[in-house]
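One structure is given here, and the rest of the page talks about it.
Numbered from 1 within each chain, the chains take letters A, B, ... in sequence-line order. These numbers come from the heavy atoms of this one structure, side chains and all, not from hydrogens, waters or symmetry mates.
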2 protein chains.
Amino acid sequence: MSLKYALLGLISKKPQTGYELYTTFKERMIYFWSSTHSQIYTELNKMEHEEWISSTYIYQEGSPNKKLYTITTKGEEYLLNWLLSDKIKPAKIKDEFLLRASAFHLLSEKEIIHLLDAIIEREQRVLEATRKWQHDNEQDEEFGIGDFVTAEYGVMYAEMYIKWCEKVRKEIRKRSRGN
Amino acid sequence: MSLKYALLGLISKKPQTGYELYTTFKERMIYFWSSTHSQIYTELNKMEHEEWISSTYIYQEGSPNKKLYTITTKGEEYLLNWLLSDKIKPAKIKDEFLLRASAFHLLSEKEIIHLLDAIIEREQRVLEATRKWQHDNEQDEEFGIGDFVTAEYGVMYAEMYIKWCEKVRKEIRKRSRGN
DNA sequence: TAGACATATGTCAAAAATGACATATATATT
DNA sequence: AATATATATGTCATTTTTGACATATGTCTA
């Protein structure tokens, strides 16, 4: 499983806490990797045990204490080896909306349009958030090649999704006029 | 979990065997739903037990015997109820290549270009297969709205992915010239 | 003042997914 | 003659994932 590589990749950029990693997954990696905080914290503990990362406990006043993780030399080697391996599995996708779309023969025009409009709205919100993040961070020193290309992917993915929804909308209208 | 709805949706179009369902997942649904034959056969047996589908055993000479599944009224009701429910979860994606892309700061230009070219080739093959299927089947009576919209999605997704790869390729070249 | 939200880290039972193993026939290729 | 591929259906141990529960502080809002 690749969650460990995802975490190593992020930590290799700069030392981070579990909470920071979790918010990055939630806010900027949803387009290509999904994970929950329970899985992330569990995996970080395993990874520290394997000595791919090390942690420093940081005492804070005003907010809860936290653990800052840093990648080790062993972890960097492990990550680089994976990065260059040529067995790249195709993406695994579970898209509930597309699944519904594949059963559109069971729904009426009105029902389909209703579903589509909700999804277009949802995707537009995510697209705007990604564009905003991209705009707010592209001048940042920490905004590296990885951030650039994945943010770009997020934008292209959401734009494609919205275009597809609109194409489906038109097709549904066309077909229902035909009846 | 939604595998049952995926299977019900397909069976609702016409009675099918587990093997047919498995090949459909593998060949035409990879863009939005991934599953294995072991999961599909297990789920079909569970679904028959729940009386959402019923099966007929078909004896064959020359090839192995098979089980043809048909959706029941109970199954149709169950599927329709899910189709219209408004809690549509966002897509869950596990894309190993995008994960690598997010760690491109650790790789050289040459290494990145090498990875990118392999992925572009892979995606072009899948795109061509989808276009071919679309072309070969669009005149078919059984080619319904669901097939139309999901095939269209597959084409748009692969095209977007290739465009993104090419954009990344250019960006990598640009950045390496800058050094 | 009560509730929601953000920060911060965990556990754990249950459900889902994977990948190997298992079997059988027919055809096509090396 | 051996190997690979396509058809066809399953089991099963292990791994992964989910989603709820748990705890604690501070801020912001109704």
Side-chain angles (χ1 to χ4, degrees), chain A residues 1-7 10-11 15-27 29-30 32-50 53 55-69 87 89-96 99 129, chain B residues 1-7 10-11 15-27 29-30 32-50 53 55-69 87 89-96 99 129:
Chain A
M1 84 120 163
S2 309
L3 175 60
K4 49 179 180 274
Y5 304 113
L7 294 167
L10 292 175
I11 301 169
Q16 286 175 73
T17 66
Y19 191 73
E20 282 178 290
L21 293 162
Y22 155 68
T23 53
T24 300
F25 270 88
K26 204 178 63 174
E27 285 163 18
M29 290 169 78
I30 32 155
F32 61 95
W33 206 268
S34 61
S35 197
T36 56
H37 84 272
S38 60
Q39 222 188 335
I40 291 165
Y41 286 117
T42 306
E43 197 60 36
L44 286 169
N45 284 319
K46 274 190 209 167
M47 285 161 72
E48 191 177 12
H49 192 256
E50 299 278 347
I53 50 173
S55 74
T56 317
Y57 200 80
I58 296 176
Y59 296 87
Q60 292 189 124
E61 281 168 51
S63 49
N65 299 332
K66 60 187 183 184
K67 270 160 84 180
L68 194 68
Y69 289 100
K87 287 164 205 159
K89 286 178 209 158
K92 272 173 208 161
I93 304 171
K94 297 282 162 89
D95 190 322
E96 283 204 8
L99 207 54
Chain B
M1 82 122 163
S2 309
L3 175 59
K4 49 178 181 272
Y5 303 114
L7 294 167
L10 292 175
I11 301 168
Q16 286 175 76
T17 67
Y19 190 73
E20 282 178 289
L21 293 161
Y22 155 67
T23 53
T24 301
F25 271 87
K26 204 178 63 175
E27 286 163 18
M29 288 169 77
I30 34 154
F32 62 93
W33 205 269
S34 62
S35 197
T36 56
H37 84 273
S38 59
Q39 224 187 334
I40 291 166
Y41 285 117
T42 306
E43 198 59 38
L44 286 169
N45 283 320
K46 275 190 209 167
M47 286 162 71
E48 192 177 10
H49 191 256
E50 297 279 347
I53 49 173
S55 73
T56 316
Y57 200 79
I58 295 177
Y59 297 89
Q60 292 188 122
E61 279 167 52
S63 50
N65 299 332
K66 59 188 183 183
K67 270 160 85 180
L68 193 69
Y69 290 100
K87 287 165 204 157
K89 287 179 209 158
K92 273 175 207 160
I93 304 170
K94 297 283 163 88
D95 189 321
E96 282 204 8
L99 207 53

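- Annotation: side chain of A/Thr17 is not in contact with side chain of A/Ile58 (no heavy-atom distance under 4.5 Å).
- For the pair B/Met1 CE and D/dT17 C1', the interatomic distance rounds to 13 Å; values are reported in whole Å.
- As rounded to whole Å, 15 Å separates atom P of D/dG19 from atom NZ of A/Lys26.
- Minimum heavy-atom separation, A/Ser34 to B/Lys94: O-CE, 3.0 Å.
- Map B/Thr17 and A/Gly62 each onto its nearest nucleotide of DNA chain D; the residue landing nearer the 5' end is B/Thr17.
- In this structure, A/Tyr22 atom OH and D/dT17 atom P are separated by 17 Å, rounded to whole Å.
- Chain B approaches DNA chain C over the interval C/dA16 to C/dA26, counting the first and last nucleotide 5' to 3' with an atom under 4.0 Å from its heavy atoms.
- Within a 6.0 Å sphere centred on OH of B/Tyr59, other residues, nucleotides and ligands contribute 12 heavy atoms or fewer.
- If you check every strand for non-hydrogen atoms under 4.0 Å, A/Lys89 touches sugar and phosphate atoms only.
- Distance, A/Glu96 CD to D/dT18 P: 12 Å, rounded to whole Å.
- Protein atom OH of B/Tyr69 is 14 Å distant from nucleotide atom P of D/dA8, rounded to whole Å.
- Between B/Phe25 and B/Leu10, the closest side-chain pair of non-hydrogen atoms falls below 4.5 Å.
- Checking B/Lys67 against A/Thr36, the closest nucleotide of DNA chain D that is more toward the 5' end is the one next to B/Lys67.
- The separation between B/Glu43 atom CD and D/dT11 atom C1' is 15 Å, rounded to whole Å.
- Just one of B/Glu50, B/Lys46, B/Met47 meets the side-chain contact (heavy atoms from CB on, under 4.5 Å) condition when paired with B/Lys4; it is B/Met47.
- Side chain of B/Glu96 to backbone of A/Pro90: no donor-acceptor contact under 3.5 angstrom is found.
- Within 4.0 Å (heavy atoms only), A/Ser38 reaches at least one base atom of the nucleic acid.
- The phosphate of D/dT17 has OP1 or OP2 within less than 4.0 Å of a side-chain N or O from B/Lys94.
- Using a 4.0 Å heavy-atom distance criterion, A/Thr23 is classed as making no nucleic acid contact.
- The CD-C1' distance, from A/Gln39 to D/dA20, rounds to 15 Å in whole Å.
- A donor-acceptor contact under 3.5 angstrom links the side chains of B/Ser35 and B/Gln39, judged on distance only.
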